J.: 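Here it is, the structure, as C-alpha coordinates.
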Amino acid sequence: MLLLGKLLFSQDVTILIWKADSLEHALNEIGAYETFKQVLKKDGRNYYALWKCSELCSRIGHRQTSNSQRDDFYQAGKIYAEAAIKVNPAGADGYYVLSLAMGRMAQTASGDERIKAVKEIKANAEKAIQLNPGNGRAWHVLGKWNYEVSNLNIFERSAVKLFYGGLPKASLQEAIRCYEKARSLEPAFALNNLELAKAYVRDGQPQKAIQLLKELPFIPTKTEDDAAIREEGKTLLAKLEE
(Lines give C-alpha, C1' and ligand atoms only; values in the text may rest on other atoms or scores of the structure.)
Protein backbone atom coordinates (compact mmCIF):
# COMPACT_ATOMS: atom_id res chain seq x y z
CA MET A 1 0.00 0.00 0.00
CA LEU A 2 2.86 2.36 0.82
CA LEU A 3 4.48 1.66 -2.54
CA LEU A 4 1.14 2.18 -4.31
CA GLY A 5 0.66 5.47 -2.50
CA LYS A 6 4.09 6.72 -3.58
CA LEU A 7 3.41 5.68 -7.15
CA LEU A 8 0.07 7.51 -7.25
CA PHE A 9 1.69 10.59 -5.68
CA SER A 10 4.43 10.57 -8.31
CA GLN A 11 1.90 10.21 -11.12
CA ASP A 12 -0.16 13.09 -9.73
CA VAL A 13 2.86 15.40 -9.64
CA THR A 14 3.94 14.31 -13.13
CA ILE A 15 0.46 15.05 -14.52
CA LEU A 16 0.42 18.51 -12.91
CA ILE A 17 3.85 19.33 -14.35
CA TRP A 18 2.70 18.19 -17.79
CA LYS A 19 -0.39 20.41 -17.43
CA ALA A 20 1.71 23.41 -16.35
CA ASP A 21 4.11 22.97 -19.27
CA SER A 22 1.17 22.67 -21.67
CA LEU A 23 -0.39 25.88 -20.34
CA GLU A 24 2.90 27.72 -20.74
CA HIS A 25 3.25 26.47 -24.33
CA ALA A 26 -0.32 27.68 -24.94
CA LEU A 27 0.77 31.17 -23.72
CA ASN A 28 -1.29 30.96 -20.53
CA GLU A 29 1.49 31.90 -18.13
CA ILE A 30 -0.78 32.71 -15.19
CA GLY A 31 -2.39 29.29 -15.56
CA ALA A 32 1.02 27.64 -15.78
CA TYR A 33 2.20 29.50 -12.69
CA GLU A 34 -0.86 28.51 -10.65
CA THR A 35 -0.44 24.88 -11.73
CA PHE A 36 3.25 24.82 -10.80
CA LYS A 37 2.19 26.16 -7.39
CA GLN A 38 -0.12 23.15 -7.08
CA VAL A 39 2.92 20.94 -7.70
CA LEU A 40 4.73 22.70 -4.85
CA LYS A 41 1.78 22.14 -2.50
CA LYS A 42 2.29 18.42 -3.05
CA ASP A 43 6.08 18.48 -3.31
CA GLY A 44 7.63 21.63 -1.89
CA ARG A 45 11.12 20.53 -2.91
CA ASN A 46 10.33 19.97 -6.58
CA TYR A 47 13.27 21.71 -8.23
CA TYR A 48 11.71 22.08 -11.67
CA ALA A 49 8.50 23.62 -10.27
CA LEU A 50 10.50 26.02 -8.09
CA TRP A 51 12.64 27.46 -10.84
CA LYS A 52 9.75 27.55 -13.31
CA CYS A 53 7.64 29.50 -10.78
CA SER A 54 10.51 31.96 -10.47
CA GLU A 55 10.91 32.37 -14.23
CA LEU A 56 7.17 32.86 -14.71
CA CYS A 57 7.04 35.43 -11.89
CA SER A 58 9.69 37.50 -13.66
CA ARG A 59 7.75 37.37 -16.91
CA ILE A 60 4.30 37.97 -15.43
CA GLY A 61 5.58 40.76 -13.20
CA HIS A 62 7.01 42.57 -16.23
CA ARG A 63 3.49 42.94 -17.65
CA GLN A 64 1.84 44.34 -14.51
CA THR A 65 0.55 47.91 -14.67
CA SER A 66 0.54 48.26 -10.88
CA ASN A 67 3.97 48.88 -9.38
CA SER A 68 3.07 47.01 -6.20
CA GLN A 69 1.86 43.93 -8.10
CA ARG A 70 4.93 44.03 -10.32
CA ASP A 71 7.24 44.21 -7.33
CA ASP A 72 5.35 41.41 -5.56
CA PHE A 73 5.89 39.10 -8.53
CA TYR A 74 9.58 39.99 -8.74
CA GLN A 75 10.05 39.39 -5.01
CA ALA A 76 8.25 36.05 -5.30
CA GLY A 77 10.52 35.18 -8.22
CA LYS A 78 13.56 35.84 -6.05
CA ILE A 79 12.18 33.68 -3.22
CA TYR A 80 11.35 30.76 -5.53
CA ALA A 81 14.83 30.98 -7.08
CA GLU A 82 16.56 30.94 -3.70
CA ALA A 83 14.45 27.93 -2.68
CA ALA A 84 15.40 26.13 -5.90
CA ILE A 85 19.10 26.73 -5.21
CA LYS A 86 18.72 25.31 -1.69
CA VAL A 87 17.07 22.19 -3.11
CA ASN A 88 19.68 21.74 -5.85
CA PRO A 89 22.84 23.85 -5.42
CA ALA A 90 24.40 22.11 -8.44
CA GLY A 91 21.55 23.04 -10.80
CA ALA A 92 22.16 25.86 -13.28
CA ASP A 93 18.53 26.91 -13.68
CA GLY A 94 18.14 28.07 -10.08
CA TYR A 95 21.01 30.54 -10.48
CA TYR A 96 19.72 31.64 -13.89
CA VAL A 97 16.26 32.51 -12.55
CA LEU A 98 17.76 34.26 -9.52
CA SER A 99 19.85 36.47 -11.82
CA LEU A 100 16.73 37.09 -13.93
CA ALA A 101 14.54 38.05 -10.95
CA MET A 102 17.21 40.33 -9.50
CA GLY A 103 17.77 41.92 -12.88
CA ARG A 104 14.08 42.68 -13.23
CA MET A 105 13.99 44.08 -9.70
CA ALA A 106 17.04 46.26 -10.40
CA GLN A 107 15.41 47.82 -13.47
CA THR A 108 12.65 49.34 -11.37
CA ALA A 109 14.48 49.78 -8.05
CA SER A 110 15.78 52.98 -6.49
CA GLY A 111 19.36 54.00 -7.19
CA ASP A 112 20.89 52.40 -4.08
CA GLU A 113 18.99 49.13 -4.44
CA ARG A 114 19.89 48.96 -8.11
CA ILE A 115 23.56 49.44 -7.35
CA LYS A 116 23.53 46.79 -4.61
CA ALA A 117 22.21 44.24 -7.10
CA VAL A 118 24.99 44.83 -9.65
CA LYS A 119 27.44 42.22 -8.41
CA GLU A 120 24.84 39.60 -7.44
CA ILE A 121 23.14 39.58 -10.84
CA LYS A 122 26.45 38.98 -12.57
CA ALA A 123 27.62 36.38 -10.05
CA ASN A 124 24.44 34.31 -10.39
CA ALA A 125 24.38 34.45 -14.19
CA GLU A 126 28.04 33.39 -14.29
CA LYS A 127 27.35 30.57 -11.81
CA ALA A 128 24.56 29.27 -14.06
CA ILE A 129 26.90 29.35 -17.06
CA GLN A 130 29.66 27.63 -15.08
CA LEU A 131 27.27 24.80 -14.22
CA ASN A 132 25.76 24.64 -17.70
CA PRO A 133 27.60 26.52 -20.48
CA GLY A 134 24.71 25.68 -22.80
CA ASN A 135 22.16 27.72 -20.83
CA GLY A 136 21.26 30.33 -23.44
CA ARG A 137 18.99 32.26 -21.07
CA ALA A 138 21.83 32.78 -18.58
CA TRP A 139 24.05 34.07 -21.41
CA HIS A 140 21.25 36.52 -22.26
CA VAL A 141 21.08 37.80 -18.67
CA LEU A 142 24.85 38.27 -18.67
CA GLY A 143 24.57 40.16 -21.95
CA LYS A 144 21.87 42.40 -20.50
CA TRP A 145 24.02 42.97 -17.41
CA ASN A 146 26.97 44.10 -19.53
CA TYR A 147 24.72 46.31 -21.65
CA GLU A 148 23.20 48.08 -18.64
CA VAL A 149 26.34 48.37 -16.50
CA SER A 150 28.41 49.71 -19.40
CA ASN A 151 25.72 52.40 -19.78
CA LEU A 152 25.64 53.58 -16.14
CA ASN A 153 25.76 57.34 -15.71
CA ILE A 154 28.50 59.10 -13.77
CA PHE A 155 26.47 59.19 -10.53
CA GLU A 156 25.72 55.46 -10.68
CA ARG A 157 29.36 54.70 -11.45
CA SER A 158 30.41 56.73 -8.42
CA ALA A 159 27.90 54.83 -6.27
CA VAL A 160 29.28 51.47 -7.44
CA LYS A 161 32.80 52.61 -6.56
CA LEU A 162 31.57 53.72 -3.15
CA PHE A 163 29.85 50.38 -2.46
CA TYR A 164 32.42 48.03 -3.98
CA GLY A 165 35.64 50.00 -4.38
CA GLY A 166 35.48 49.71 -8.14
CA LEU A 167 33.19 49.27 -11.09
CA PRO A 168 32.70 45.63 -12.18
CA LYS A 169 34.17 45.08 -15.62
CA ALA A 170 31.51 45.50 -18.27
CA SER A 171 31.44 46.56 -21.90
CA LEU A 172 29.13 46.88 -24.87
CA GLN A 173 31.36 44.47 -26.79
CA GLU A 174 30.99 41.86 -24.05
CA ALA A 175 27.22 42.39 -24.09
CA ILE A 176 27.19 41.67 -27.83
CA ARG A 177 29.37 38.59 -27.35
CA CYS A 178 27.03 37.22 -24.67
CA TYR A 179 23.90 37.98 -26.70
CA GLU A 180 25.44 36.29 -29.73
CA LYS A 181 26.30 33.26 -27.59
CA ALA A 182 22.70 33.12 -26.39
CA ARG A 183 21.53 33.39 -29.98
CA SER A 184 23.72 30.47 -31.06
CA LEU A 185 22.33 28.32 -28.24
CA GLU A 186 18.71 29.42 -28.53
CA PRO A 187 17.94 30.99 -31.93
CA ALA A 188 14.17 31.13 -31.25
CA PHE A 189 14.47 33.66 -28.42
CA ALA A 190 12.71 36.86 -29.45
CA LEU A 191 13.83 39.02 -26.53
CA ASN A 192 17.49 38.18 -27.10
CA ASN A 193 17.11 39.04 -30.78
CA LEU A 194 15.68 42.46 -29.91
CA GLU A 195 18.25 43.22 -27.21
CA LEU A 196 21.11 42.22 -29.51
CA ALA A 197 19.73 44.58 -32.17
CA LYS A 198 19.71 47.42 -29.62
CA ALA A 199 23.29 46.64 -28.70
CA TYR A 200 24.37 46.79 -32.35
CA VAL A 201 22.59 50.15 -32.73
CA ARG A 202 24.48 51.52 -29.75
CA ASP A 203 27.70 50.08 -31.18
CA GLY A 204 27.22 51.92 -34.45
CA GLN A 205 26.37 48.82 -36.51
CA PRO A 206 22.82 49.57 -37.72
CA GLN A 207 22.90 47.09 -40.62
CA LYS A 208 23.39 44.17 -38.24
CA ALA A 209 20.54 45.50 -36.12
CA ILE A 210 18.28 45.82 -39.18
CA GLN A 211 18.95 42.22 -40.17
CA LEU A 212 18.09 40.98 -36.68
CA LEU A 213 14.90 43.05 -36.59
CA LYS A 214 13.81 41.73 -39.97
CA GLU A 215 14.19 38.18 -38.62
CA LEU A 216 12.15 38.93 -35.51
CA PRO A 217 8.63 38.39 -36.98
CA PHE A 218 9.62 34.89 -38.07
CA ILE A 219 10.76 33.73 -34.62
CA PRO A 220 8.12 31.35 -33.15
CA THR A 221 6.03 32.75 -30.31
CA LYS A 222 7.09 31.15 -27.05
CA THR A 223 6.02 33.61 -24.34
CA GLU A 224 3.20 36.08 -23.75
CA ASP A 225 5.75 38.88 -24.11
CA ASP A 226 6.72 37.97 -27.67
CA ALA A 227 3.93 39.94 -29.38
CA ALA A 228 5.01 43.15 -27.60
CA ILE A 229 8.65 42.36 -28.35
CA ARG A 230 7.85 42.08 -32.07
CA GLU A 231 5.99 45.41 -31.98
CA GLU A 232 8.93 47.12 -30.31
CA GLY A 233 11.24 45.60 -32.92
CA LYS A 234 8.96 46.83 -35.71
CA THR A 235 9.08 50.38 -34.34
CA LEU A 236 12.88 50.31 -34.00
CA LEU A 237 13.26 48.90 -37.53
CA ALA A 238 11.14 51.71 -38.95
CA LYS A 239 13.37 54.30 -37.26
CA LEU A 240 16.54 52.67 -38.56
CA GLU A 241 15.21 52.52 -42.11
CA GLU A 242 14.08 56.16 -42.24
Side-chain angles (χ1 to χ4, degrees), residues 33 36 40 45-62 70-152 156-157 159-161 163-172 174-186 189 191-192 195-196 199 223 225:
Y33 174 52
F36 276 123
L40 293 175
R45 292 178 57 82
N46 188 291
Y47 178 68
Y48 181 66
L50 284 168
W51 77 258
K52 286 301 297 182
C53 276
S54 177
E55 184 180 50
L56 287 165
C57 280
S58 289
R59 282 200 229 139
I60 295 166
H62 185 62
R70 176 201 64 202
D71 294 342
D72 285 347
F73 272 109
Y74 289 166
Q75 185 61 36
K78 183 173 182 287
I79 292 168
Y80 282 122
E82 290 170 339
I85 291 169
K86 286 181 181 178
V87 168
N88 183 10
D93 290 311
Y95 296 99
Y96 146 62
V97 291
L98 181 56
S99 69
L100 176 63
M102 294 187 69
R104 289 287 169 92
M105 292 170 74
Q107 288 180 340
T108 60
S110 63
D112 287 351
E113 290 301 316
R114 184 182 178 195
I115 295 304
K116 288 176 184 178
V118 167
K119 277 194 172 181
E120 290 187 59
I121 296 166
K122 182 173 187 278
N124 284 295
E126 288 180 332
K127 181 67 173 178
I129 291 168
Q130 177 191 344
L131 292 167
N132 177 14
N135 191 317
R137 301 276 165 151
W139 280 105
H140 170 80
V141 173
L142 192 56
K144 181 69 171 176
W145 183 91
N146 273 277
Y147 183 89
E148 295 294 342
V149 173
S150 65
N151 201 36
L152 291 176
E156 290 169 324
R157 287 173 179 269
V160 172
K161 289 180 181 179
F163 273 111
Y164 302 119
L167 188 70
K169 187 177 179 180
S171 70
L172 180 57
E174 183 63 9
I176 290 171
R177 186 186 78 84
C178 292
Y179 283 145
E180 286 286 11
K181 181 68 175 179
R183 186 180 178 216
S184 71
L185 293 167
E186 193 172 343
F189 184 4
L191 180 59
N192 186 71
E195 297 291 354
L196 178 55
T223 77
D225 293 326

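Quick caveat, the model's predicted, so the values are computed rather than measured.
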J.: Looking at every non-hydrogen atom in both residues, tell me the closest pair between A101 and S58 and how far apart they are.
T.: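 For A101 versus S58, the nearest heavy atoms are CA-OG, 3.4 Å.
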J.: Are the side chain of Y95 and the backbone N or O of A90 linked by a donor-acceptor pair below 3.5 Å?
T.: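 No: the side chain of Y95 does not pair with the backbone of A90.
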J.: For residues A106 and A117, report the shortest heavy-atom separation together with the two atoms involved.
T.: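 Heavy-atom minimum between the residues: CB-CB, 4.2 Å.
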J.: Any pair with a residue in residues 72-93 that passes salt bridge (Lys or Arg N to Asp or Glu O under 4.0 Å), sequence neighbours left out, goes on the list, sorted by first then second residue, please.
T.: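 Non-adjacent pairs meeting salt bridge (Lys or Arg N to Asp or Glu O under 4.0 Å): K78-E82.
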J.: Give the C-alpha distance, both sets of side-chain angles, the deciding distance and a yes or no for side chain to side chain contact (heavy atoms under 4.5 Å, CB included) between L196 and I176.
T.: CA-CA 6 Å; L196 178 55; I176 290 171; 4.1 Å; yes
J.: What's the separation between atom NZ in K144 and atom OG in S99, rounded to the nearest 0.5 Å?
T.: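 The OG atom of S99 is 13.0 Å from NZ of K144, to the nearest 0.5 Å.
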J.: Quick check: closest heavy atoms across L131 and P89, and the distance to 0.1 Å?
T.: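 The answer is CD1-O, 4.0 Å.
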J.: Find the distance between NZ (K169) and CG (N146) and round it off to the nearest 0.5 Å.
T.: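 Reported to 0.5 Å precision, the distance equals 10.0 Å.
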J.: Taking the inter-plane angle between the rings of Y80 and Y33 on a 0 to 90° scale, is it parallel (under 30°), tilted (30 to 60°) or perpendicular (over 60°)?
T.: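 The rings of Y80 and Y33 stand perpendicular, inter-plane angle above 60°.
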J.: Work out which heavy atom in G77 is nearest to a heavy atom in S54; give both atom names and the distance.
T.: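 Minimum heavy-atom contact is O-OG, 2.6 Å.
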J.: Please answer whether the main-chain N or O of A84 pairs with a side-chain N or O of N88 as donor and acceptor at a distance below 3.5 Å.
T.: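 Pair absent, no side-chain N/O of N88 close to backbone of A84.
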J.: Evaluate the side-chain proximity of L98 to I85: yes if any heavy-atom separation is below 4.5 Å, no if none is.
T.: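 Yes; the side chains approach each other to less than 4.5 Å.
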J.: Restricting to non-hydrogen atoms, name the atom on A81 and the atom on G94 that form the minimum distance, rounded to 0.1 Å.
T.: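 Looking at all heavy atoms of both residues, the closest pair is CB-O, 3.9 Å.
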J.: Answer yes or no: is there a donor N or O on one side and an acceptor on the other, between the side chain of Y179 and the main chain of N192, under 3.5 Å?
T.: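 Between the backbone of N192 and the side chain of Y179 there is no qualifying donor-acceptor contact (under 3.5 Å).
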J.: Between N135 (side chain) and I129 (backbone), is there a donor-acceptor pair under 3.5 Å?
T.: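 Checked: no pair found.
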J.: Against W145, only a single residue in E174, K122, E126 fulfils side chain to side chain contact (heavy atoms under 4.5 Å, CB included); can you say which?
T.: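 Checked E174, K122, E126 against W145; only one passes side chain to side chain contact (heavy atoms under 4.5 Å, CB included): K122.
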J.: Rounded to the nearest 0.5 Å, what separates atom CD1 in I60 from atom OG1 in T223?
T.: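 Answer rounded to 0.5 Å: 11.0 Å.
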J.: Below 30° counts as parallel, above 60° as perpendicular, anything between as tilted: where do the rings of F189 and H140 land?
T.: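 Rings of F189 and H140: tilted, as their planes differ by 30° to 60°.
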J.: How long is the straight-line distance from CE of M102 back to CE of M105, given to the nearest 0.5 Å?
T.: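 If I round to the nearest 0.5 Å, the distance is 7.0 Å.
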J.: Could you check whether the rings of Y96 and W51 sit parallel, tilted or perpendicular, using 30° and 60° as the cut-offs?
T.: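 The arrangement is perpendicular - the two ring planes meet at more than 60°.
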J.: Closer than 3.5 angstrom, by distance alone: can the side chain of W139 be matched with the main-chain N or O of P133 as a donor-acceptor pair?
T.: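 Side chain of W139 to backbone of P133, a donor-acceptor pair under 3.5 Å: yes, one is there.
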J.: What is the distance from atom CD of E55 to atom CZ of F36, rounded to the nearest 0.5 Å?
T.: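 Result: 9.0 Å between the selected atoms.
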J.: Rounded to the nearest 0.5 Å, what's the gap from SG on C57 to NE2 on H62? Could you check?
T.: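 Taking SG in C57 and NE2 in H62, the distance rounds to 14.5 Å.
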J.: Does N124 use its side chain to pair, donor to acceptor, with the backbone of E120 at less than 3.5 Å?
T.: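 Yes; at least one donor-acceptor contact below 3.5 Å.
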J.: Between Y147 (side chain) and E195 (backbone), is there a donor-acceptor pair under 3.5 Å?
T.: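 Checked: no pair found.
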J.: Indicate yes or no: at least one non-hydrogen side-chain atom of K181 is less than 4.5 angstrom from one of S184.
T.: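 The answer is yes; the side chains approach within 4.5 Å.
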J.: Hey, is E180 close enough to R183 for a salt bridge, meaning N to O under 4.0 Å?
T.: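 Yes.
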